[in-house]
Amino acid sequence: RKEVEQDPGPFNVPEGATVAFNCTYSNSASQSFFWYRQDCRKEPKLLMSVYSSGNEDGRFTAQLNRASQYISLLIRDSKLSDSATYLCVVPRGGSTLGRLYFGRGTQLTVWP
Amino acid sequence: DAGITQSPRHKVTETGTPVTLRCHQTENHRYMYWYRQDPGHGLRLIHYSYGVKDTDKGEVSDGYSVSRSKTEDFLLTLESATSSQTSVYFCATQGTGNQPQHFGDGTRLSIL
């Protein structure tokens with residue numbers, strides 16, 4: 001099993017739609033999780049941090065299910081500007097403190 | 001974002017030449033990382049540093065070396081560039097091991 005697995009998509013949704021991405025991870029000791037977004041040919045940018053059961057920031061909600069070892073990202077009322085690749089990121093933990101596992105990303109396209 | 005500057009932003013060079021990429025940060029972050037990103041592979045860790053003169057290898061360190069003589073600077077060197085090292089290189093910094101990483105704008109390197 002890979003350390004972090006994401007559905008690569010692509011997800012193509014109309015403006016205003018609600019879309020959800022899932023991410024599974026293998027390291028049960030991970031305590032914090034991150035979602036990044038990456039625009040084409042740009043650097044990854046932090047979208048949300050998840051330290052407990054979940055986090056909400058405006059239209060974005062991240063939920064964590066430790067028992068099943070997955071993290072989800074929900075985007076409500078999608079905007080054209082939400083079109084990007086979303087990376088699920090999980091710390092390695094332990095002696096590799098600071099190092100992260102990056103998923104390969106889920107591509108989202110929001111159309112008018 | 002997090003005061004990270006990568007230089008150069010773009011470089012084209014020939015096989016066999018040495019190349020040095022620079023990452024400069026103004027946040028006084030302890031941890032610094034070099035990644036490469038290629039289609040189909042996502043972000044892969046090359047080398048990282050957890051303090052001045054403290055560096056270690058990542059998953060794809062062959063052909064690369066790093067140095068960190070000051071907190072703010074982390075250099076990545078390709079001693080003898082090969083075409084397989086054509087990629088986009090990202091530097092990232094991190095304040096503590098439990099915090100997210102923040103990325104520089106990236107360097108697009110082409111080895112002909």
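Chain identifiers are assigned alphabetically (A, B, ...) following the order of the sequence lines, protein sequences preceding nucleic acid strands; residue numbering begins at 1 within each chain.
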### Task
Pull out the residues in residues 47-55 of chain A that come under 4.5 Å of chain B, heavy atom to heavy atom, sorted by number.
A:Ser49, A:Tyr51
#### Entry: chain B neighbours within residues 101-112 of chain A, where any heavy atom lies under 4.5 Å away
A:Phe102, A:Arg104
### Query
Of the backbone (N, CA, C, O) and the side chain (C-beta and beyond), which part of A:Tyr36 lies under 4.5 Å from a heavy atom of chain B, both, or neither?
side chain
Tell me whether [X] shares a hydrophobic cluster with [Y], the cluster being built from Ile, Leu, Val, Met, Phe, Trp, Tyr side chains joined at under 4.5 Å.
X: B:Tyr64; Y: B:Phe90; value: no
X: A:Leu80; Y: A:Phe11; value: yes
X: A:Val19; Y: A:Leu73; value: yes
X: B:Leu75; Y: B:Ile4; value: no
X: A:Val89; Y: B:Tyr35; value: yes

Which distance, rounded to the nearest 0.5 Å, do you find between the [atom1] of [X] and the [atom2] of [Y]?
X: B:Tyr48; Y: A:Leu100; atom1: OH; atom2: CG; answer: 11.5 Å
X: B:His102; Y: A:Leu46; atom1: NE2; atom2: CG; answer: 6.0 Å
X: A:Lys42; Y: B:Phe103; atom1: NZ; atom2: CZ; answer: 15.5 Å

### Query
Going by atom types alone, do B:Gln6 and A:Glu43 pair a side-chain donor with an acceptor below 3.5 Å?
no
#### Entry: Options B:His41, B:Gln37, B:Arg44, ranked by heavy-atom pairs under 4.5 Å with chain A, top entry
B:Gln37
### Task
State, yes or no, whether a side-chain contact exists between B:Leu43 and A:Leu87 at a heavy-atom distance under 4.5 Å.
yes
### Query
Do any of residues 105-112 of chain B come closer than 4.5 Å to chain A, heavy atom to heavy atom, and if so which ones, in number order?
B:Asp105, B:Arg108
### Message
Within residues 51-60 of chain B, which residues come under 4.5 Å of chain A, heavy atom to heavy atom?
### Response
B:Lys57, B:Gly58, B:Glu59
### Task
Give the minimum heavy-atom separation between B:Gln99 and A:Phe34, together with the two atoms involved.
C-CZ, 3.8 Å
